[in-house]
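As the structure lists them, so they are numbered: ligands from 1, and atoms in each ligand from 1.
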Amino acid sequence: MERAREWLRGASTIVALTGAGISAESGIPTFRGSGGLWREFRPEELATPQAFARDPKLVWEWYFWRRGLIAAAEPNAGHYALAELEARTPHFTLVTQNVDGLHDRAGSRNILKVHGDIWIVRCLACGRESLDKRLEFPETPPRCECGGTLRPGVVWFGEMLPPDVWMAAERACVEAEAMVVAGTSAVVYPAAALAPLAKSAGARVIEVNPEATPLSGLVDCSLRGKAAEILPELVA
Ligand code: OAD
């Protein structure tokens, strides 16, 4: 822990990568592991463009359920610790796979949402994206002003990540002197490639996770524990 704290104190360029585990203590279920969403639901029925084409109502109902969970949740000490780290670091980038917006609510500013944002809707017809925080729509699937079908503004399996966001994430990793990876199983690509990229470009990589992941053997320091407990200590 002390070594990792020194690396963060000594670095002027830091990148953090977060996954579902950082929001676990806010009461939002992760995808994998016990209680994970992919234990109960099949991703191919809910999180692919084919699933949406087949049954947009079912997919939206699942997203409405998740929107409700997220709307009722609050950021936790892990989210706040990363916002604090950003405030004291000259160049800080937060790359998150989470779509829940809890980092925004905790005060993080320079956020790259590589898997999109659950509060954004995008029209399949005109392509327009907008912020829409409603928990219910007059019809399901909801419609755009142009009459087209709206979809959640998230990245589904088989889809490309937004190229500009992805390129910025890669750049942040290459430039970073230190990296914090918190709450991700590191099995979903391309996001899982970011920590190895930062490491090979010379960053000190610190992992925060109660369990070992495929990254654990590669990182400079593996801190086993919950993000809401470890991150505040790490940045104190
Ligand atoms: P996962 O659900 O795959 O992994 C969650 C990780 O968080 C696991 O490694 C847990 O050990 C860890 N974890 C659990 N509780 C924690 C806590 N309190 N503090 C810290 N870590 C904790 O979530 P992601 O890695 O984010 O993609 O999943 C990546 C992507 O797979 C998601 O963005 C989503 C999903 O399918 C799409 O939907 C495209």
Self-check item: Distance-minimising heavy-atom pair for Pro56 and Ala53
Solution: CD-O, 4.1 Å

Quiz item: So, are Arg3 and Glu6 salt-bridged, with charged N and O less than 4.0 Å apart?
Solution: no

Anything under 3.5 Å between a donor and an acceptor, one on a side chain of residues 189-199, the other on a protein residue two or more places apart or in another chain? List them.
| from | atom 1 | to | atom 2 | distance (Å) |
| --- | --- | --- | --- | --- |
| Lys199 | NZ | Asp220 | OD1 | 2.7 |
| Lys199 | NZ | Asp220 | OD2 | 3.3 |

Quiz prompt | Where at least one partner belongs to residues 126-154, residue pairs that pass ring pair (Phe, Tyr, Trp, His ring centres under 6.0 Å), sequence neighbours excluded | solution = Trp60-Phe137, Phe64-Phe137

Quiz item: Under the 3.5 angstrom rule, does the side chain of Glu207 hit a backbone N or O of Leu215 as a donor-acceptor pair?
Solution: no

Self-check item: side chain to side chain donor-acceptor pair (under 3.5 Å): pairs with one or both residues in residues 25-41, sequence neighbours excluded
Solution: Ser26-Asn76

Quiz prompt | Neighbouring protein residues of ligand 1 - any heavy atom closer than 4.0 Å | solution = Gly19, Ala20, Gly21, Ala24, Glu25, Thr30, Phe31, Arg32, Trp38, Gln97, His115, Val155, Phe157, Gly183, Thr184, Ser185, Val188, Asn209, Pro210, Glu211, Lys226, Ala227

